[in-house]
There are 2 protein chains.
Amino acid sequence: MSIIAERRIREKEAMRTNILTTAWQIVKEEGWQSLSIRKIADAIQYSVPVIYDYFDNKEAILLEFGKQGFELVIKKLKSAKASSTDPAEQLKAIADAYWAFAFRNKEYYQLMWGMGAPTCEMDKCMPERSVFRDLVMGPMIEIIEKAKHGDAETNACLKYHTFWSILHGLISIKMVAPADDTEQLNKLVLDDAITGFIKNLKS
Amino acid sequence: MSIIAERRIREKEAMRTNILTTAWQIVKEEGWQSLSIRKIADAIQYSVPVIYDYFDNKEAILLEFGKQGFELVIKKLKSAKASSTDPAEQLKAIADAYWAFAFRNKEYYQLMWGMGAPTCEMDKCMPERSVFRDLVMGPMIEIIEKAKHGDAETNACLKYHTFWSILHGLISIKMVAPADDTEQLNKLVLDDAITGFIKNLKS
DNA sequence: TTACTTTTGCTAACACTGTTAGGTAAAGGA
DNA sequence: TCCTTTACCTAACAGTGTTAGCAAAAGTAA
């Protein structure tokens, strides 16, 4: 591999990230709805078709961000889980981390859950369901077994869906119909819902 | 009011509903994404600008459907509530009705929650929050008071959000990432989540 | 019936989308 | 120097929502 070929793929990489960071800036300023190929092209001061030398189409750009979003949230959830060894505390920490991710990274969350950029099949870039599953199923099974309800496995499978529903539902309701409630109240609702959920697991 | 003027507003009304029913048909067949003014115009065999004589813009059409959706779901919820006098059973019935509405009327649900037609500010046609609130807050307060936790009012306020979060979250997760699970399992998850929630209210 | 006004509907355009065909000029390799 | 590949652009196509302006029809009044 010649030195000049190296420079070339480095330049190509640079252009790719240039497109992505520029697109991200547009999204942060104006939202997913108003992200267009032409706007990116204008911003990076190249003509439109250049974008297509680096991405197959617009969806490919969105999927790239989707991947980033999922990687980030999973990193956050894993580190939250690592903050404790008590299964109940782990669940609570995971919920808090997910909540924080959603509101500190509205753009990612909206993209990942189709609330802002629907022209995109996000499932194409979703990680294996097992990644999420493994994160919360373990603590749940522990809790359920400790409480000695038989059939902890299938029981946890049900609770798994409930857990994410509470989180996702609460967040998306807040995002779609922005709260006239205070930030504090929202956090209270989350705490109440999740601690209630965990209490339910134990009993 | 002359007889001819009457016919005119009747014709105008007929055209309006013609536009709406045609649009609805397109949505059912091809989804919100591919509903366009031109497609409606083609289908009703009129030119494009005619649509604008009956609706300010595309959003106005979507809001019309949004209103219909909210009216329908509220009707369903009210009738579900009326099916019992026991507050716990009322909550369960409301949850079931909401669940059924979402999957029997995917198009409405997607529109109302911005999961399919995001170019539309649905909150413009959302009913007063109090309509939903009144439906479930009453039964909740009853349950909480019966269990003698002090401060039933604020307690129910928290639970109110949890209730809708479970429902909305569960449904939207199923819709965004369609289940490889069976229909039966989904219903089981809903039942478990809601009965768990109600049990939590009582304890 | 005639003259005027209102309503109805159309064609054609504007300003945007995503996407691509085809050509030009520069860069790299022989 | 010649040739090939890459980089980049202009211009277009097929869509989107929306509107200006005109022609014909329908209704009203004399």
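Reminder, nothing fancy here: chain letters follow the sequence lines and each chain counts from 1. This structure is a prediction, so every number in the text was calculated from the model and none was measured.
- Mapping heavy-atom proximity under 4.0 Å, the span of DNA chain C touched by chain A runs 5' to 3' from C:dT17 to C:dG29.
- Contacts between residues 49-62 of chain B and DNA chain D, counted as heavy-atom distances below 4.0 Å, involve B:P49, B:Y52, B:N57, B:K58.
- For DNA chain D, the span of nucleotides reached by chain A at under 4.0 Å from its heavy atoms goes, 5' to 3', from D:dT6 to D:dA12.
- Residues passing the side-chain hydrogen bond (donor to acceptor under 3.5 Å, both in side chains) test with B:K202: none are found, sequence neighbours excluded.
- Taking all atoms of both residues into account, the shortest heavy-atom contact from B:L135 to B:I94 is O-CD1, 3.7 Å.
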Distance-only donor-acceptor pairs under 3.5 Å for side chains of residues 42-51 of chain B, two or more places apart:
none

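- Applying the ring-ring contact (aromatic ring centres under 6.0 Å, His included) rule to B:F65 yields the partners B:W24, B:W32; only residues at least two apart in sequence or on another chain are considered.
- By the side-chain contact (heavy atoms from CB on, under 4.5 Å) test, B:D96 is found to be paired with B:K92, B:K187, B:L190, B:D191, residues two or more places apart in sequence or in another chain being considered.
- Residues of residues 21-33 of chain B having a heavy atom closer than 4.0 Å to DNA chain C: none are found.
- When each of B:R8 and B:S34 is assigned the nucleotide of DNA chain D with its nearest heavy atom, B:S34 is the one assigned upstream, toward the 5' end.
- Residues passing the ring-ring contact (aromatic ring centres under 6.0 Å, His included) test with B:F70: none are found, sequence neighbours excluded.
- Atom CD of A:E11 has more than 12 heavy atoms from other residues, nucleotides or ligands within 6.0 Å.
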Enumerate donor-acceptor pairs with a distance under 3.5 Å from any side-chain N or O in residues 100-115 of chain A to protein atoms, sequence neighbours excluded.
from: A:N105; atom 1: ND2; to: A:F101; atom 2: O; distance (Å): 3.0
from: A:Y108; atom 1: OH; to: A:Q68; atom 2: OE1; distance (Å): 2.7
from: A:Y109; atom 1: OH; to: A:H168; atom 2: ND1; distance (Å): 2.7
from: A:W113; atom 1: NE1; to: A:Y98; atom 2: OH; distance (Å): 3.3

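- Note on B:S36: only backbone sugar-phosphate atoms sit closer than 4.0 angstrom, heavy atoms only; bases stay farther off.
- Looking at residues two or more places apart in sequence or on another chain, you find no salt bridge (charged side-chain N to carboxylate O under 4.0 Å, His left out) involving B:E145.
- Although no hydrogens or angles enter the test, the distance criterion places no donor-acceptor pair under 3.5 Å between the side chain of B:K58 and the main chain of B:I37.
- The 12-atom threshold is not exceeded at CD of B:E153, counting heavy atoms of other residues, nucleotides or ligands nearer than 6.0 Å.
- When each of B:K12 and B:R38 is assigned the nucleotide of DNA chain C bearing its nearest heavy atom, the one mapping closer to the 5' terminus is B:K12.
- Sorted by first then second residue, the ring-ring contact (aromatic ring centres under 6.0 Å, His included) pairs that include residues 116-141 of chain B, not counting sequence neighbours, are B:F132-B:W164.
- Using a 4.0 Å cut-off between charged nitrogen and carboxylate oxygen, A:E71 and A:K75 do not count as a salt-bridge pair.
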